[in-house]
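Accompanying notes for the structure given below.
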Amino acid sequence: MSVITLLSDFGSKDPYVAEMKAVILSINSEASVVDITHEVDKFNIRMGAFILASATPYFPPNTVHVAVVDPGVGTKRRSIIVETKRGFYVGPDNGLLMLAAQKEGIIKVYHIDNPKYMLSRVSRTFHGRDIFAPAAAHLAAGTGPSEFGPAIQDYVFPEFVKPQAREGEVVGEVLHIDDFGNIVSNISVEDLQSEGFHKGDSLLVRLGDKTLILQFCSAYGEVPDGTALALVGSSDFIEVALNQGSASKTFKAEVGEPFRISGAASN
Amino acid sequence: MSVITLLSDFGSKDPYVAEMKAVILSINSEASVVDITHEVDKFNIRMGAFILASATPYFPPNTVHVAVVDPGVGTKRRSIIVETKRGFYVGPDNGLLMLAAQKEGIIKVYHIDNPKYMLSRVSRTFHGRDIFAPAAAHLAAGTGPSEFGPAIQDYVFPEFVKPQAREGEVVGEVLHIDDFGNIVSNISVEDLQSEGFHKGDSLLVRLGDKTLILQFCSAYGEVPDGTALALVGSSDFIEVALNQGSASKTFKAEVGEPFRISGAASN
Amino acid sequence: MSVITLLSDFGSKDPYVAEMKAVILSINSEASVVDITHEVDKFNIRMGAFILASATPYFPPNTVHVAVVDPGVGTKRRSIIVETKRGFYVGPDNGLLMLAAQKEGIIKVYHIDNPKYMLSRVSRTFHGRDIFAPAAAHLAAGTGPSEFGPAIQDYVFPEFVKPQAREGEVVGEVLHIDDFGNIVSNISVEDLQSEGFHKGDSLLVRLGDKTLILQFCSAYGEVPDGTALALVGSSDFIEVALNQGSASKTFKAEVGEPFRISGAASN
């Protein structure tokens, strides 16, 4: 049984996700379809890329991942298949797939242009249903990626900001705010360790214009209820959390604002 | 493997949807259950009918569709199975199933009254779990629809408003507002073409008391970001959208209000 | 084919639920995974326990239920498997599993401590993915529960409040408010019958500081639209509802507040 995952910014109210699943099952009735999420903020390619890259490492090899955050649908942006060392990614050529694909190791990228593997009538508003879903269903059924169209080199590769260390401070930004209100940065535990910060230390965290002194913990429950802490989240990035509370409500953080860490003793 | 779909106004917080799936899997462990949506506005039969009719054409033949928007549960309203040329619909006899079933071609409608195919104890508040889910599981396992009860002729057939053309204007209404804020009308591209309007034209669209002059486009990205446009949506109805924005927030449209289209030059 | 259910307070925006499904399918590709809900209020063990106990009786025997409402993740709280007369429950040792497990009849409780059945790297923030999901996948594949760790006796058993009858009044509390706004109490129909109240009676219901005189009905549609009523909900508890409306909006009820029933004639 082959696994196909879906990620989008479609929400759960409309028939769009079901239409994609219907197309997949019509072509490949053996596929097992798993939703990653459909609650990506509308048109937010960066958020979609982060969630996709967090989830896909846990899926079995040869999984086909379909992702649709696609403001350019119906324009000249291309539809692509990315073949990696672990599986396949299908979606728009706008960078959405590349953070996850790069972690797995990109083998080749193909431009989907063979109408044989599309719905007979392709709309210009919904390639998720008309192009990506059929491509995923055929890939999962064993069709080779080169059947869908030519390999390309000039695919879009987004430049997501990387954290930088300067003068004892690691400077990153807020990557994601999860449903618990945890404020997830793009700073990895390795980024901190290479600056000499370790679990148990007190950290000075600057979030936008707020300055927090936080214990660098291993688990939420190491501080009293309602207390803020820093820890390594389940996606391996440093996050600010509140034990049994919402850090984002308390600190009013927003995605994209600066997230800076230094030693509390250094100020 | 047979496919059973579920649509309801239950939301995703409560155990209700899971109870329906549990009943289905207890009777028919081979069924593949796909959610269409459970976010239909409470008791809004018209919205449920529209979403159902949008999604079901993409499913494989012989799919069994269960839909539950059921304000009359536990009263005299009947439980029915609709046999169509493509598959089956199971739900309340309140019109919910008929827009989708009619598109597929109705063969016969049956009143479910055989207790053999219901849960042993039928509540008067949740026929989705106690009557519709078991019926769907048995249908998908091969039980003929006439086993469930007698064929009936006097089922409820809702009169959804159809658009009308008068004096060069096509007069319909807002059918649905999707999660992107696209304002979907009940006017088809054929309705427009028969009045002489074609892609590329400027259209004068009157939404409630607002008057908009919009380009009739093929894709969202044909106009600059934040600009309004008219186009044929993925359900084949004319919609007003905002490229990378929310038309419903900008124009404060509501389901049910008039949606009128004429040529921009005609005013 | 074995069934594994998931319940959590994770919401639907983040990759967490998909990561659990990915781990399950990587270990046991034949498992059929069904969501109960992921919209439990954050950290609300009582609400999670109620929803779990409502849904699980409808699943097939030998289903494995995984539930994660887990404020103590990463602290000393244990991970457990509960073996019941119908199947298995996997989750934190904080009471979440016990209302459902008790209804089925508890056979034994095991402390999961065998690293052989965990992910190779266990985080201290996400045992749902790293411990519970692998345990469920292995259980569903036939591994015996005693393989995961020692049987324990001192598991957490929450004392959920039970309704009490005094001087002709049954005193319980609000257990849940569902997505329709129905106000569900912890008072069963048996609790009412043993005090001499039956369907068709007028009931005097006191909800917090509001006093309502309601008909004890069998179906929502027995009263006019917008009218309040009392009835036995689909989880077999007494609830206050509004026909085609939201009782919780009208009466501003909150989970945990007193819910008292007496005969309308008695006042």
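Below, chain A is the first sequence line, B the second, and so on; all start at residue 1.
At a 4.5 Å heavy-atom cutoff, C/L7 makes no contact with chain B through either its backbone or its side chain. For B/V73, the parts sitting under 4.5 Å from any heavy atom of chain C are the backbone and the side chain alike. With a 4.5 angstrom heavy-atom cutoff, C/D41 does not touch chain B via any of its atoms. Heavy-atom distances place the side chain of B/L119, and not its backbone, under 4.5 Å from chain C. Interface residue B/D9: backbone and side-chain heavy atoms are both found under 4.5 Å from chain C. The part of C/D35 that comes within reach of chain B is its backbone (N, CA, C, O), which places non-hydrogen atoms under 4.5 angstrom from that chain. Using a 4.5 Å cut-off between heavy atoms, B/R77 makes no contact with chain C at all. Using a 4.5 Å cut-off between heavy atoms, C/V40 makes no contact with chain B at all. Heavy atoms closer than 4.5 Å to chain C are found in the side chain of B/Y16, but not in its backbone.
In this structure, B/F10 CZ and C/T37 OG1 are separated by 13.5 Å, a value rounded to the nearest 0.5 Å. Once rounded to the nearest 0.5 Å, the distance linking OG of B/S12 with CD1 of C/I36 reads 13.5 Å. Here the straight-line distance linking atom OG of C/S54 with atom CD of B/E19 works out to 6.0 Å at 0.5 Å rounding.
Along residues 216-223 of chain C, the residues that come nearer than 4.5 angstrom to chain B, judged on non-hydrogen atoms, are C/S218, C/A219, C/Y220, C/G221, C/E222 in order of number.
C/D179 has its side chain out of reach of B/H38: every pair of non-hydrogen atoms, C-beta onward, lies at least 4.5 Å apart. Proximity of C/E39 to B/D14: side-chain heavy atoms (C-beta onward) are nowhere separated by under 4.5 Å.
No other option in B/M20, B/K21, B/R121 has as many heavy-atom pairs under 4.5 Å with chain C as B/R121. Chain C forms more heavy-atom pairs under 4.5 Å with one residue of B/V23, B/I27, B/T125, B/V33 than with any other, namely B/T125. Of the listed residues (B/P71, B/A22, B/S26), the greatest number of heavy-atom pairs within a distance under 4.5 Å of chain C belongs to B/A22. Top candidate by heavy-atom pairs under 4.5 Å with chain B, chosen from C/T56, C/I51, C/D178, is C/D178.
Environment of CD in B/E254: sparse, with no more than 12 heavy atoms of neighbouring residues, nucleotides or ligands closer than 6.0 Å.
Of the possible donor and acceptor atoms, one in the side chain of B/R129 sits under 3.5 Å from a partner among the backbone N and O of C/S234.
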